[in-house]
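Below you'll find the structure, written out as structure tokens, and then a few comments.
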Amino acid sequence: MSSFPDISVTVQVQHVPSHSTPQRQLFAYFITIDNHSDESWKLLSRHWDITSGDGQQFTVEGEGVVGEQPLLTPGAQYTYNSFVTVDALPGRMEGHYVMQNAWGEQTRVPIAPFRLDVLPESGERLLN
């Protein structure tokens, strides 16, 4: 895999109480990927490491994101959203995307860890 390209990943998280129960908390997450490099990169696959507040860990891997393998040209931005459930709070997610340039070089773009939690006093969402 090649060196890390100038691609940034921003995550926003929102608890979805209407689809949560005390035993299973649902969170929507909104991802924005920005290509700041001078070459195009295609998102081939994703890898997520998810940890529930009770210590349960699981991994999710697959092609693309939400059924797509977007091509990000120089200066392009790609946004999508998905969801995850955890059995106990606070949860945590982190991972990486595998990206490929026009010459077939592949690299991992990290997704920084973020919390899956609710502020108990207000119920407001937590960002990163």
Side-chain angles (χ1 to χ4, degrees):
M1 295 216 174
S2 70
S3 62
F4 180 70
D6 191 6
I7 296 175
S8 64
V9 178
T10 306
V11 180
Q12 292 186 326
V13 180
Q14 184 173 355
H15 182 242
V16 185
S18 63
H19 287 82
S20 296
T21 67
Q23 299 81 23
R24 200 119 172 112
Q25 300 295 316
L26 186 130
F27 292 86
Y29 56 91
F30 304 84
I31 307 272
T32 301
I33 305 167
D34 288 290
N35 182 2
H36 305 287
S37 76
D38 59 358
E39 59 184 320
S40 295
W41 290 91
K42 182 176 184 176
L43 193 157
L44 298 179
S45 64
R46 69 191 181 285
H47 174 100
W48 288 110
D49 293 315
I50 304 162
T51 306
S52 185
D54 58 7
Q56 291 184 61
Q57 297 181 336
F58 58 100
T59 298
V60 175
E61 293 185 309
E63 289 186 6
V65 290
V66 294
E68 298 181 7
Q69 290 184 317
L71 177 66
L72 284 86
T73 57
Q77 182 179 79
Y78 179 78
T79 302
Y80 75 96
N81 67 288
S82 192
F83 67 93
V84 63
T85 59
V86 290
D87 295 339
L89 298 177
R92 173 185 165 116
M93 280 181 72
E94 63 186 298
H96 65 266
Y97 297 120
V98 174
M99 310 282 285
Q100 180 174 292
N101 67 12
W103 295 272
E105 296 173 346
Q106 293 184 5
T107 189
R108 288 183 180 179
V109 174
I111 306 163
F114 57 94
R115 284 175 61 96
L116 304 169
D117 204 357
V118 176
L119 296 174
E121 64 279 0
S122 66
E124 293 178 16
R125 67 183 182 176
L126 291 177
L127 302 181
N128 276 350

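Computation of the quantities below employed the complete heavy-atom set of this structure, encompassing side-chain atoms and omitting hydrogens, waters and symmetry-equivalent molecules. Each residue takes its place number in the sequence, starting with 1.
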Establish whether [X] and [Y] are linked, either directly or via other cluster members, by ILVMFWY side-chain heavy-atom contacts under 4.5 Å.
| X | Y | value |
| --- | --- | --- |
| Met93 | Val65 | yes |
| Tyr97 | Leu71 | no |
| Val60 | Val109 | yes |
| Ile7 | Val66 | yes |
| Val16 | Tyr80 | no |

For this session: Considering non-hydrogen atoms only, spot the tightest contact between Gln106 and Leu44 and give its length.
Result: NE2-CD1, 3.4 Å

Problem set entry | Distance, nearest 0.5 Å, that separates CG of Leu26 from CD of Gln14 | 10.5 Å

Problem set entry | CZ on Arg46 to CE on Met99, rounded to 0.5 Å | 14.0 Å

Problem set entry | Chi angles and distances behind the side chain to side chain contact (heavy atoms under 4.5 Å, CB included) call for Val98, His47 | CA-CA 8 Å; Val98 174; His47 174 100; over 6 Å; no

Exercise. Within the side chain of Thr32, is there an N or O that forms a donor-acceptor pair under 3.5 Å with the backbone of Thr10?
Worked result: no

Is there a side-chain contact between [X] and [Y] in this structure, where contact means two heavy atoms from C-beta onward sitting under 4.5 Å apart?
| X | Y | result |
| --- | --- | --- |
| Ser37 | Pro74 | no |
| Leu72 | Lys42 | no |
| Tyr78 | Glu68 | yes |
| Thr73 | Asn35 | no |

Problem set entry | Pair Tyr29 + Trp48: ring centers closer than 6.0 Å | yes

Exercise. So Asp87 and Arg24, side chain to side chain contact (heavy atoms under 4.5 Å, CB included) or not? Walk me through it.
Worked result: CA-CA 5 Å; Asp87 295 339; Arg24 200 119 172 112; 2.4 Å; yes

For this session: Assign the ring pair Phe27 / His15 to parallel, tilted or perpendicular, where the plane angle (0 to 90°) is split at 30° and 60°.
Result: tilted

